[in-house]
2 protein chains.
Amino acid sequence: MNSKINSRVRLEDLARALKLSIATVSRAMSDSSRVKPETKQRVLSKAKQMGYRSNQIAKSLSSGKTNVLGVIIPRYDEPFFIEVCRGIDYYVRKHDYRILINSSRNSFKYEKENVLAFERGTVDGVAMCFTHETNSYEHVEELIDRKMPLVLFDNISHKIDGAGHVKIDDFSSAVKAVEILIKHKNNSIGYIGGTSKKSVFNQRFDGFVEAHKKHHQSFKTRHVLNCKSYHQEHEFYEVFNFLSKLQDVPNAFFCSTDNYAILCIKALTKLGYKVPQDIEVIGFGNLHYSNMFTPELTCVSQPSFKMGEKVAEMLLNKIDKGFFISNTDQNSEIVLPTKLVYRDTTR
Amino acid sequence: MNSKINSRVRLEDLARALKLSIATVSRAMSDSSRVKPETKQRVLSKAKQMGYRSNQIAKSLSSGKTNVLGVIIPRYDEPFFIEVCRGIDYYVRKHDYRILINSSRNSFKYEKENVLAFERGTVDGVAMCFTHETNSYEHVEELIDRKMPLVLFDNISHKIDGAGHVKIDDFSSAVKAVEILIKHKNNSIGYIGGTSKKSVFNQRFDGFVEAHKKHHQSFKTRHVLNCKSYHQEHEFYEVFNFLSKLQDVPNAFFCSTDNYAILCIKALTKLGYKVPQDIEVIGFGNLHYSNMFTPELTCVSQPSFKMGEKVAEMLLNKIDKGFFISNTDQNSEIVLPTKLVYRDTTR
DNA sequence: CTGTTAGCGCATTCAG
DNA sequence: CTGAATGCGCTAACAG
């Protein structure tokens with residue numbers, strides 16, 4: 001046994017000092033109405049005097065509640081996910097919950113590990129976003145079988161029965177963005193996106209295609225890049241190489257993230273093009289730094305903080321209800337609206 | 001009692017199914033050598049078959065160890081802190097620990113709340129960075145009195161007895177950066193930094209002053225800005241206003257963060273100056289996006305990920321030793337080296 | 001309003 | 001090598 005634990009003052013110590021039973025002290029601490037106001041006062045002041053801190057672990061074991069939510073994100077170093085976490089955190093703190101964030105480091109293997117860890121009773125519910133590698137769902141289905149409240153967000157390729165879902169309409173948002181470029185009389189539009197396995201990228205690309213179809217316009221496959229790199233610098237070179245090899249550079253680009261848009265602009269600038277005079281660019285995300293660049297980025301604004309709040313709200317609801325909102329329930333999916341933010345990379 | 005908990009399979013269920021005692025099953029699960037290899041196998045396969053997951057809460061209560069570290073950062077939306085968290089996470093996972101990140105939302109009040117939460121036995125140790133508001137230290141001293149291993153990082157104004165400290169040499173790094181600007185024959189150098197209460201900003205500013213002193217050069221107080229705003233846009237306007245009101249714009253700027261440097265460059269560009277041809281700028285931090293801007297930012301590179309690893313290493317050491325490395329111990333402070341990264345905002 | 005008792009699930013003595 | 005018994009600190013029936 002650990003000396004740290006033993007040296008702490010427990011309910012029993014308070015009880016002894018006050019010549020009360022542990023039960024009464026416990027009630028007083030949890031502000032139960034079933035205890036005389038006077039003794040409640042005595043307990044509280046004694047607790048303060050002796051520096052009592054309740055042991056959350058013991059509380060959890062006894063009550064079956066940890067007041068902690070597990071959050072699994074693909075990676076830490078993507079501001080979007082951090083924004084979502086902020087939103088979750090902001091919401092749940094108001095309800096006396098905390099969040100335990102685990103990164104999957106872009107790997108399905110770690111994602112499964114993270115899910116496993118949360119099956120060990122340390123959290124009351126789980127919010128998660130799949131990595132781009134994730135293509136099987138036994139791990140989350142198991143989580144649900146174990147009756148763990150679960151809410152998925154952002155990258156949802158297909159619905160998981162028993163889980164909640166919070167997302168944006170990637171497809172329609174992309175359509176709208178590309179339509180802007182089409183309306184601006186760009187007859188040749190390029191696309192730069194990420195690994196196509198990742199559902200959101202697929203959907204944004206599909207939107208790109210749809211917008212063309214809708215307006216009876218065509219695009220060229222050689223104007224489409226699906227980046228395979230994962231580090232800023234590699235990504236930049238991939239984008240730069242792609243652009244520099246093109247004989248016919250498009251008049252506009254739709255990029256599936258702000259990051260790609262910024263790299264795209266940087267590469268175009270390096271190649272001597274002016275944005276937006278020569279070429280227009282639209283990004284996707286609206287990261288906190290997307291307006292720090294010169295020119296400021298025009299992009300689809302994704303409500304990341306809000307998404308976090310909604311995820312949290314849904315998750316706490318599931319926990320409170322003690323059972324699962326079925327997949328057919330209207331509450332099991334929330335689609336948040338996006339909006340186009342016009343700044344300086346479009347004309 | 002929660003149905004979720006009751007429906008789980010416990011050691012007792014395994015024991016019954018195998019006609020063994022709980023103790024033996026427990027030993028088998030923890031791979032004790034004091035159990036026959038054959039029965040260990042039986043237990044393990046039965047556990048797998050029945051979908052057993054050990055209850056971490058019960059384990060923690062019994063063992064006095066949670067295998068979780070608490071991390072308190074001033075805010076989520078500053079990439080530097082996230083990088084440090086990544087470093088901590090990366091290191092501790094190798095030792096079977098997880099991290100619970102709490103944001104203080106830039107407020108001393110929340111910081112104290114976070115510390116309090118960690119006094120409730122949910123973590124085995126705490127890593128933290130003070131907010132810019134923090135000016136008293138009873139809360140962390142109490143943490144130490146309660147024998148909680150503690151490591152402070154980044155923003156350390158004075159050492160806390162009993163805690164570990166990990167930082168960079170903000171003062172010297174700033175001196176070196178400003179010396180570069182002086183060597184480039186800039187006879188008028190400006191400074192843009194954050195709230196001066198925050199120790200790191202103070203120290204960087206002191207370095208700015210020292211470099212001037214060392215080279216017998218002077219600077220003008222009207223060329224110094226300590227931003228009070230906290231949101232990107234407000235900050236930008238504060239910087240822009242500051243610069244636009246100057247009759248004599250300096251030939252160079254030293255900024256106490258990359259963020260300020262970027263805003264500074266944006267404002268200068270807007271005012272018609274060219275960076276670095278007309279004005280040189282050096283930032284501080286080397287955020288992941290500091291090389292995405294055009295021109296790429298020259299800056300002091302802070303080893304944030306490494307800082308996280310060091311924090312984690314020190315903290316796990318403290319936990320393992322079960323007592324505290326005293327403040328006089330050489331291990332109680334680590335100062336990490338910085339380096340200047342030359343890119344395109346200096347000539 | 002208060003006390004007694006029995007768990008929560010696991011680790012760990014102490015016997016054998 | 002295995003089992004019985006105890007306790008980690010707290011909550012929650014049940015009694016009074």
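In what follows, every chain begins at residue 1, and chains take the letters A, B, ... in the order their sequences are listed.
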Rounded to whole angstrom units, what separation is found between the [atom1] atom of [X] and the [atom2] atom of [N]?
{"X": "A:Arg120", "N": "C:dG9", "atom1": "CZ", "atom2": "C1'", "answer": "13 Å"}
{"X": "A:Arg10", "N": "D:dT11", "atom1": "CZ", "atom2": "P", "answer": "14 Å"}
{"X": "A:Arg53", "N": "D:dC10", "atom1": "CZ", "atom2": "P", "answer": "13 Å"}
{"X": "A:Asn55", "N": "D:dG7", "atom1": "CG", "atom2": "C1'", "answer": "13 Å"}
{"X": "B:Leu18", "N": "D:dG3", "atom1": "CG", "atom2": "C1'", "answer": "15 Å"}
{"X": "B:Leu11", "N": "D:dG3", "atom1": "CG", "atom2": "C1'", "answer": "14 Å"}
{"X": "B:Glu38", "N": "D:dT2", "atom1": "CD", "atom2": "C1'", "answer": "13 Å"}
{"X": "B:Lys59", "N": "D:dC8", "atom1": "NZ", "atom2": "P", "answer": "20 Å"}

Those residues that, when tested against A:Glu309, pass salt bridge (Lys or Arg N to Asp or Glu O under 4.0 Å) (two or more places apart): none
Can you list the residues that meet the side chain to side chain contact (heavy atoms under 4.5 Å, CB included) rule with [X], with sequence neighbours excluded?
{"X": "A:Ala117", "value": "B:Arg98"}
{"X": "A:Leu316", "value": "A:Leu69, A:Tyr91, A:Val92, A:His95, A:Tyr97, A:Ile319"}
{"X": "A:Ser60", "value": "A:Gln56, A:Thr66, B:Ile57"}

Sugar-phosphate, base or nothing in reach of B:Ser54, heavy atoms under 4.0 Å: sugar-phosphate
Residues forming a ring pair (Phe, Tyr, Trp, His ring centres under 6.0 Å) with A:Phe108, sequence neighbours excluded: A:His139
A:Ser26 vs D:dC10: side-chain N/O to OP1/OP2 distance below 4.0 Å: no
Distance below 4.0 Å between A:Tyr52 side-chain N/O and D:dC10 OP1 or OP2: yes
For nucleotides 2-6 of chain C, tabulate all protein N/O to nucleotide N/O atom pairs closer than 3.5 Å, reporting atom names and distance.
residue, atom, partner, partner atom, Å
C:dT2, OP2, A:Lys36, N, 2.9
C:dT2, OP2, A:Thr39, OG1, 2.9
C:dT2, O4, A:Arg34, NH2, 2.9
C:dG3, OP2, A:Ser21, N, 2.9
C:dG3, OP2, A:Ser21, OG, 3.1
C:dG3, OP2, A:Thr24, OG1, 2.6
C:dG3, N7, A:Arg27, NH1, 3.4
C:dG3, O6, A:Arg27, NH2, 2.3

A:Phe305 six-ring centre to A:Arg86 NZ/CZ under 6.0 Å and within 45° of normal: no
Residues that B:Lys310 engages under side chain to side chain donor-acceptor pair (under 3.5 Å), provided they are two or more places apart: B:Glu313
Side chain to side chain donor-acceptor pair (under 3.5 Å) partners of A:Glu38, counting only residues at least two apart: none
Inter-end axis angle, the helix from C:dC1-D:dG16 to C:dG16-D:dC1, with every axis fitted to five base pairs (rounded, 10 degrees): 40°
Which nucleotide in D:dG7, D:dT11, D:dG9 has an atom nearest any side-chain atom of B:Ser62: D:dG7
Straight-line distance of B:Asp124 CG to B:Leu315 CG, nearest 0.5 Å: 9.0 Å
